[in-house]
There are 2 protein chains.
Amino acid sequence: MTTTTKALIFKEAARLFREKGYNGSTQRQLADRVGVQGASIYHHFPSKQGILYAIMEYTMTSLLQKVRCEMLDASSPEAKLRKAIKVHIEYHTVDRDETYVADAELRSLEAENFKKIVAMRVAYEQIFRDILSEGVQEGVMRIGDVSLATKALLQMCTGISYWFSPGGRRSIDEIADQYVELFLFGICGKLNNER
Amino acid sequence: MTTTTKALIFKEAARLFREKGYNGSTQRQLADRVGVQGASIYHHFPSKQGILYAIMEYTMTSLLQKVRCEMLDASSPEAKLRKAIKVHIEYHTVDRDETYVADAELRSLEAENFKKIVAMRVAYEQIFRDILSEGVQEGVMRIGDVSLATKALLQMCTGISYWFSPGGRRSIDEIADQYVELFLFGICGKLNNER
DNA sequence: CGATAAATCTAACAAGCGTTAGAATTTGAT
DNA sequence: ATCAAATTCTAACGCTTGTTAGATTTATCG
């Protein structure tokens, strides 16, 4: 199975947009990376904006689906949170070009596209907020402001895609574990009876 | 004391760059907001890139100075960390256009400017890393990977400038307090003997 | 008031942008 | 081998970009 040109454009666009930003990238630069003439892109995508939207739509759909899927067989709020964080971090490291773009280029979307992606982002954030709320209600988490904590958590985890590189000191699993610890300790404080 | 045109260009540029990104903004849009013709900008700044650099240089200098100043009369690592986080968050909410730009537009800097700002950012991050290292050495903090925790902390706090608005539900102080709690709990776990 | 400097203006430039039209080529099925 | 469809190409378009030159206005000060 060879990579289709369309898939290559998609992948290289994510990489380019990540490096130079959407508005800092040109269709000719993208075409160069794909190894094709600028005009050829338009056989696969309707416009530059169309490529950006495709990247964001696909990324958010995947993310939502992955997290929802993991939630199915998790019972306690803590178990849910652990799994949700892990999935989030894994996706933000493996497909880090796409997730970085999806995170950083919201403002480059035209009005209609913007609405759709924002809606998906709100839904995604809601999953995490619900987990934290549940944890508070069950008394296993203590959080002053759940919305604030949700934002802090997601920002902290999303930020990984800004600096992660696969050859680095830490593996994805190690990073995910440390982030989970970091956040859970503050919320649950349950490992502190050691001291 | 009236606002000078130069100061107005500076401020409006930060606001514009934040909204549309550096590459998504034009000198004519900026001139419109200032209430001046496009060419007039060049009497105060050498180039568009010069404006971006001025914003980033000023912001990083202020940030470094403010944090270093606060460190002078703080003794324990925990006290230092509390103060550092508070200063960081305060600056990222009060001057949030500038700090947002300083955070998000690194990639839009030309090579030489890029180097200088990155150096300042590294120095800034180092302050936080040192505080955490000190805390670990003194045994009051327990952190698996100090560099990782530093990144997580800064990303979490910097993210505030992405969504904060002065009319919102929470005051700056409340937000800062909650973020401090959130992070310290995980690191020190010292408030958990209540349960 | 008159002169010097600072600030802003109008007008235009060369270059680069996203996109399109239409021709040429490659691919796949019969 | 032939034809049709899919794909890629060359060439160009209209427009916007950052920036500059040079004239014009505004402020400063003896």
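Atom set for the values below is all heavy atoms of this structure, side chains included, hydrogens, waters and symmetry mates excluded. Keep in mind the model is a prediction, meaning the values are calculated, not measured. Just so we're on the same page: letters track the sequence lines, and every chain starts at 1.
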Would you mind reading off the bend of the helix from C:dC1-D:dG30 to C:dT30-D:dA1 from its two end axes, five pairs each, to 10 degrees? 20°
Using the rule that Ile, Leu, Val, Met, Phe, Trp and Tyr join whenever any side-chain heavy atoms are under 4.5 Å apart, tell me whether A:Leu63 and A:Leu72 fall into a single cluster. no
Taking only N and O in the side chain of B:His44, is any of them less than 4.0 Å away from OP1 or OP2 of C:dT8? yes
Just the rounded figure in Å: distance from P of D:dT8 to CD of A:Gln37. 12 Å
Nearest 0.5 Å, please: how far is CE in A:Met56 from CZ in A:Arg121? 6.5 Å
Spacing of A:Arg28 atom CZ relative to D:dT10 atom P, expressed in whole Å: 13 Å
Under 3.5 Å, is there a donor-acceptor pair between the B:Glu57 and B:Thr61 side chains? yes
Any side-chain heavy-atom pair from B:Tyr22 and B:Lys48 closer than 4.5 angstrom? yes
Nearest-nucleotide comparison on DNA chain D, the residue closer to the 5′ end among B:Asn23 and A:Val36: A:Val36
For A:His44 together with A:Phe10, are the ring centres under 6.0 Å from each other? no
Whole angstrom value for the distance that separates C1' of D:dT16 from NZ of B:Lys48: 12 Å
Does the ring of B:Phe164 carry B:Arg96 above it, NZ/CZ under 6.0 angstrom from centre and within 45° of its axis? no
Gap between atoms NE2 and P, on B:His43 and D:dG18 respectively (whole Å): 20 Å
Rounded to whole angstrom units, what separation is found between the NZ atom of B:Lys20 and the P atom of D:dG18? 12 Å
Going by distance alone, is a donor N or O of one side chain under 3.5 Å from an acceptor N or O of the other, for B:Tyr42 and B:Gln27? yes
Name the nucleic acid region contacted by A:Thr26, choosing base, sugar-phosphate or nothing; use a 4.0 angstrom heavy-atom cut-off, strictly under. sugar-phosphate
Here the distance between atom P of D:dG18 and atom CD1 of B:Ile41, to the nearest Å, is 9 Å
Nucleotide C:dT8, atom P - distance to CG of B:Leu30 in whole Å: 13 Å
Per atom distances to the B:Ala39 side chain, the nearest of C:dC9, D:dC9, D:dG18 is C:dC9
Between C:dC9 atom C1' and B:Tyr42 atom OH, what is the distance in whole Å? 15 Å
C:dC9 OP1/OP2 closer than 4.0 Å to side-chain N/O of B:Ser40: yes
OP1 or OP2 of D:dG18 sitting under 4.0 Å from any side-chain N/O of B:Ser47? no
